[in-house]
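Remarks on the structure that follows.
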Number of protein chains: 2
Amino acid sequence: MGSGMARATIYDVAAAAGASIKSVSRVLNGEANVTPGLRDRVMAAVESLGYRRSLSARSLAGASSSIIAALVDAELTIEHWRSGRGNDYLSRLEMGALMEVRRTDHHLMIELVDYASESLGRDLSALLTSIRPQGVILTPPNSDHPVVLDVLDEAGVAYARIGPERDLQRGVCIAMDERQAAYDMTAHLIALGHRRIGFVTGPVAYVASRRRLDGFLSAMADNGLSVADGAVAYGDFTFQSGVSAINAFLGAGLGLTAIFASNDDTALGVLQGAAARGVRAPEDISVAGFDDTPAAMFGTTALTTIRQPVSEMAAIAARHLMPVISGVQDETLKQSLEGCLIVPYELIVRRSTGAV
Amino acid sequence: MGSGMARATIYDVAAAAGASIKSVSRVLNGEANVTPGLRDRVMAAVESLGYRRSLSARSLAGASSSIIAALVDAELTIEHWRSGRGNDYLSRLEMGALMEVRRTDHHLMIELVDYASESLGRDLSALLTSIRPQGVILTPPNSDHPVVLDVLDEAGVAYARIGPERDLQRGVCIAMDERQAAYDMTAHLIALGHRRIGFVTGPVAYVASRRRLDGFLSAMADNGLSVADGAVAYGDFTFQSGVSAINAFLGAGLGLTAIFASNDDTALGVLQGAAARGVRAPEDISVAGFDDTPAAMFGTTALTTIRQPVSEMAAIAARHLMPVISGVQDETLKQSLEGCLIVPYELIVRRSTGAV
DNA sequence: TTGAAAGCGCTAACAT
DNA sequence: ATGTTAGCGCTTTCAA
């Protein structure tokens, strides 16, 4: 391995600028009380030496570590890893955080957390003392984990919660309006002339699932439409549950003209199950999903769906964990709901839904 | 923010164990010359205090930082970010690295690198002096970037290159055999009885593209099959280039019974373009892809494709950048080719290919 | 407005 | 086999 010259330290910069290390530090931290001349000399020295402060030294000495840690569910990740596929949600989340983090010269660390471990509290605490992140991004479904929140609070580490469901006053909460999105999608179907609409839920344990169902039911009710017995199938976000649902719907002879599935995988299952029985979309039946996963776009029948602003949520999360950079916090796109920052979703109409 | 008690330091552990900090350090680092009694006392103290060494302090003091940094193409990421979708490749890569990294209590940092920047060298150098990673994972297409390799060498930072194309003796190289994979896929089609097979390339700038084409041509030649004029279309890995290719093929009246596209997106384009012209897969035409992206699985016509062992490659990369844990390096699955660690791919047969 | 000195929590030489 | 003493490169008091 080559060595080049030893890397420049703050002492080198100070020497080159004819100043003390404290002055260099002051300049670099943008502290007050520095004469322009000193500042210029320091900056010139920094520039010419290609100097960068050591992250370790800074964080050891007490400054912020400039590390934002994203806590990711280990079990979920292992599942994905086993199946050999990536995780679109995580990927988008990460991109958003990355884009934001680099603006302020921070760094993103991805940490696998075994939320099922009985030593979760200790593990997490250990993690925090080890890397001392400046802030932590919590992802669903663990944005609500009470042990995690407690440990974070106790450690005094700032955190942002993506898609939280409870205790919205704890930490910075960022979410989208699941209920309204489902409401809008349902309204979209109704606007297309559909009257008999079926719904496939996600796991009832998720509040998001319940909110989507709620949005669906409300939109139906608000439009004076009734939901037939058996027109709500209980799924679990899997492709297979979509297949089962459509088979049940078709078998029950409910005469449904549209199916709204709680996520894309399920909707894709509905689509395939329908096709297998000779029912075409959108000619015979309209199908809508939720999430806008990659598969939604590329399927032979591109899926009408709700795009979650995952990247944006993560970017906002990161932004709220880092020092305000230019003094201007942009709260433009967001409104607050019960203390949550609400980020707008997008209803994407593709081929799978059409007029009756 | 709560505070709890101040976090335990090595001094606290030493005091609790009735030993010196050096002994604690020794135990924790698994150094020799420690009596079992001492070790036990130290471990007990560590355990009861929930002590974890500070990453900053360790790395400052000279130990390895235990940080593995994955360098990711900023431009590519921004593109993905703009389009609102995740990056399956990156996601899988990251999972592999994560799984491996956590086994040895290391950490994964994702760093966006602007490879197009004219100050790339300085930027990268600055990044390295700032975070001082123990090792760096390079992803394609930048595994070959000469400036990056030079800076890394000069900084004395170990690196692993995923899917490198040149200078395979530099760093740790991990790849799959693109040519052989394409060869196998072609052989698969031939085995199904196909004789007139079309091929859609990726961007010729990528060596991987050229290798895939090479594999295709070799397999055809080895089986005594000729490739008709116009049966090779030049694409660019996009969906649209698949659509264009199939239109060209169909328009030319080559009588092709199978199309092998250089990646899944392109294959999906082929599939859709064919469907648009009433040509069904696999009844009328077989279509094969490459990469096994999520969309390949969920499309109405699931795609026969090559699964790249992205996660495995990343895991191996990470493994080679970290200290050998139990002394046993498992080289079981890998063979070396020109100094590259070769990881096996998988040919996944789905619905889109069938017998003539 | 600037600087000197004292740590931050570790590891690394160097004793013992 | 164990302990002492310096740093690592910064930020922070506290002086000047």
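Residue numbering restarts at 1 for every chain, and letters A, B, ... go by the order of the sequence lines. Note that these values count all heavy atoms, side chains included, but never hydrogens, waters or copies made by symmetry.
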Does [X] pair with [Y] as a salt bridge, N-O distance under 4.0 Å?
X: A/E100; Y: A/R103; result: yes
X: B/D105; Y: B/R52; result: yes
X: A/R7; Y: A/D12; result: no

*Is it the case that more than 12 heavy atoms not belonging to A/E31 sit under 6.0 Å from its CD atom?*
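Yes, because the 6.0 Å sphere around CD of A/E31 holds more than 12 heavy atoms from other groups.
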_For the student: nearest non-hydrogen atoms of B/V13 and B/Y51, plus distance_ = CG2-CG, 3.4 Å
*Output the residues of residues 31-47 of chain A in contact with DNA chain C, where contact means a heavy atom of the residue under 4.0 Å from an atom of the strand; sort by number or write none.*
A/N33, A/V34, A/T35, A/L38
In whole angstroms, how far is the [atom2] atom of [N] from the [atom1] atom of [X]?
X: B/D12; N: C/dC8; atom1: CG; atom2: C1'; value: 13 Å
X: A/R58; N: D/dT11; atom1: CZ; atom2: P; value: 5 Å
X: B/L55; N: C/dT11; atom1: CG; atom2: C1'; value: 14 Å
X: A/L128; N: C/dG9; atom1: CG; atom2: P; value: 16 Å
X: B/Y11; N: D/dT5; atom1: OH; atom2: P; value: 11 Å
X: A/L49; N: D/dG9; atom1: CG; atom2: P; value: 14 Å

*Any side-chain N or O of A/R53 less than 4.0 Å from the OP1 or OP2 oxygen of D/dC10?*
no
*Any side-chain N or O of B/Y51 less than 4.0 Å from the OP1 or OP2 oxygen of C/dC10?*
yes
_Among B/L138, B/T139, B/N142, exactly one meets side-chain contact (heavy atoms from CB on, under 4.5 Å) together with B/L71. Which residue is that?_
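The side-chain contact (heavy atoms from CB on, under 4.5 Å) with B/L71 is passed solely by B/L138 among B/L138, B/T139, B/N142.
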*Give me the residues of residues 13-29 of chain B where at least one heavy atom lies under 4.0 Å from an atom of DNA chain D, by number, or none.*
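The answer is B/A19, B/S20, B/K22, B/S23, B/R26.
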*Name the residue closer to the 5' end of DNA chain D, choosing between A/S56 and A/S64 according to the nucleotide with the nearest heavy atom.*
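Nearest nucleotide further toward 5': that of A/S56.
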*With a 4.0 Å cut-off on heavy atoms, is A/R132 in touch with a base, just the backbone sugar-phosphate, or nothing at all?*
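Answer is nothing: A/R132 stays at 4.0 Å or more from every strand.
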*Is a side-chain N or O of A/D73 found less than 3.5 angstrom from the main chain of A/L76, in a donor-acceptor match?*
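Yes; at least one donor-acceptor contact below 3.5 Å.
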*Got a donor-acceptor contact below 3.5 angstrom from the B/S143 side chain to the B/I162 backbone?*
yes
*Evaluate the side-chain contact (heavy atoms from CB on, under 4.5 Å) criterion for residues A/M95 and B/V72: first the C-alpha distance (whole Å), next the side-chain angles of each, then the deciding distance (0.1 Å), finally the verdict.*
CA-CA 10 Å; A/M95 284 181 186; B/V72 173; over 6 Å; no
